[in-house]
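Below is one structure, written out as structure tokens; comments come after it.
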There are 2 protein chains.
Amino acid sequence: MIISNNLKMYAQKLRSSNLRPTKQRLKICQFLFDRKKTFHFTVETLNKKINKNRAMKVSLATIYNTVEAFTSAGYLKEILTSKNKSYYDTNIKSHHHFYDEGSKELTDINYSQIKLSKVPVPPKGKKIKNLEVVIRIQK
Amino acid sequence: MIISNNLKMYAQKLRSSNLRPTKQRLKICQFLFDRKKTFHFTVETLNKKINKNRAMKVSLATIYNTVEAFTSAGYLKEILTSKNKSYYDTNIKSHHHFYDEGSKELTDINYSQIKLSKVPVPPKGKKIKNLEVVIRIQK
DNA sequence: TTCTAGTTTAGAATTATTATAAACTACATA
DNA sequence: TATGTAGTTTATAATAATTCTAAACTAGAA
Ligand SMILES: [Mn+2]
Ligand SMILES: [Mn+2]
Ligand SMILES: [Zn+2]
Ligand SMILES: [Zn+2]
């Protein structure tokens, strides 16, 4: 069995956010972050993938807890494009999305691919936290 | 009792979308559209407002059905900025929003107040249905 | 007036999510 | 290395929003 040498890194990262590197969290880290490309997921799909092989069962409650903890820690970003179900993104950089109404799939749009030449001033006493564009597409 | 002379108009509009102008739907139309300014709401708040006075009770199921029917017919727009709860907008024109993370309130941004100088090409075979900007703000 | 498809409704069912509380474990400290 | 404890996991219950069901009702065509 080959143990990812990223494990130590993940453990470190987790500790730095006051999260204990439990085997459940490390397993989820590996699944989420041991890859070349970022991606979008729901708790439902993450749960299925994590528990596909019999190896070690991670409870649904822990999946929820972990996704919440990782989002608070800034390792994940929550995406609000869909009714009734939360989507998450392993791409935590500021970026935009295509949302396909048919397949309900999200695709990243690089931040530099959209340019805004005019942006409104926020209401008094408020600051802009971020600005995101969603482009809804269909056939 | 003064009967809004918009009632006939609403009845007509509803019929034109193959929706019978029932007293429930007309009541909801009056509440939603008999006003100068557009606004944002949830099913929960709409239900409370519609059933505030004893006059005539509209069931929650009908509130859901009607909001869904009006959205399909294009009289309302669904807004997806919030987790776990759907927001609707009586402003059906293409426009953008400020979303206040603190108060969880939406404020319209006129379409002309944001200008995009660069927009990506949609994936092959797909068309842009709409483009919306959400600017998250906080203190 | 009659007939019927469309609508409303109460309540049940479903779905996503959050809360609870007991068992477990990482890890600081002895 | 052993012990204590706060943090974590887990099964399960609870909650919240929404959708479904099927019986009663009604708009409006004929
Ligand atoms: Mn929901
Ligand atoms: Mn929900
Ligand atoms: Zn993304
Ligand atoms: Zn709006």
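Every chain is numbered from 1, with letters handed out A, B, ... down the list of sequences. Hydrogens, waters and symmetry mates are skipped; everything else that's a heavy atom, side chains included, is used. Just so it is clear, the structure is predicted and the values come from calculations on it, not from any experiment.
- Between B:T22 and B:K83, the one whose closest nucleotide on DNA chain C sits nearer the 5' end is B:T22.
- Straight-line distance from the CD atom of B:E44 to the C1' atom of D:dA16: 9 Å, rounded to whole Å.
- Contact annotation: B:R20 side-chain N/O to C:dT8 OP1/OP2 distance is not under 4.0 Å.
- Taking 4.0 angstrom as the limit, B:Y64 places none of its side-chain polar atoms (N or O) nearer than this to OP1 or OP2 of D:dT19.
- In this model, the phosphate group of D:dT10 is approached by a side-chain N or O of A:T62 to a distance below 4.0 Å at OP1 or OP2.
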I'd like a table of atom pairs between the protein and nucleotides 21-24 of chain C - only N or O on both sides, under 3.5 Å - with the distance next to each one.
none

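- With rounding to whole Å, A:N65 atom CG is found 18 Å from C:dA16 atom P.
- Under 3.5 Å, the side chains of B:N91 and B:H40 contain no donor-acceptor pair of N or O atoms.
- Rounded to whole Å, atom C1' of C:dA5 lies 16 Å from atom CZ of B:R15.
- Defining each end axis of the helix from C:dT1-D:dA30 to C:dA30-D:dT1 as the rotation carrying four pairs' C1' atoms onto the next four, with five pairs an end, the two axes are found to diverge by 20° to 10 degrees.
- At least one side-chain nitrogen or oxygen of B:S86 sits closer than 4.0 Å to the OP1 or OP2 atom of D:dT18.
- Aromatic ring pairs are classed by plane angle as parallel below 30°, tilted from 30° to 60° and perpendicular above 60°; the pair A:F33 and A:Y10 is tilted.
- Distance A:L26 CG to C:dT25 C1': 13 Å, rounded to the nearest Å.
- In this model, the phosphate group of D:dT26 is not approached by any side-chain N or O of B:Q24 to a distance below 4.0 Å at OP1 or OP2.
- At a cut-off of 3.5 Å, with distance as the only test, a side-chain donor of A:H97 or A:D108 sits close to an acceptor on the other residue.
- Computed from coordinates, the B:E68 CD to D:dA17 C1' distance equals 15 Å when rounded to whole Å.
- Looking at A:K77, its side chain does come within 3.5 Å of a backbone N or O of A:K93 through a donor-acceptor pair.
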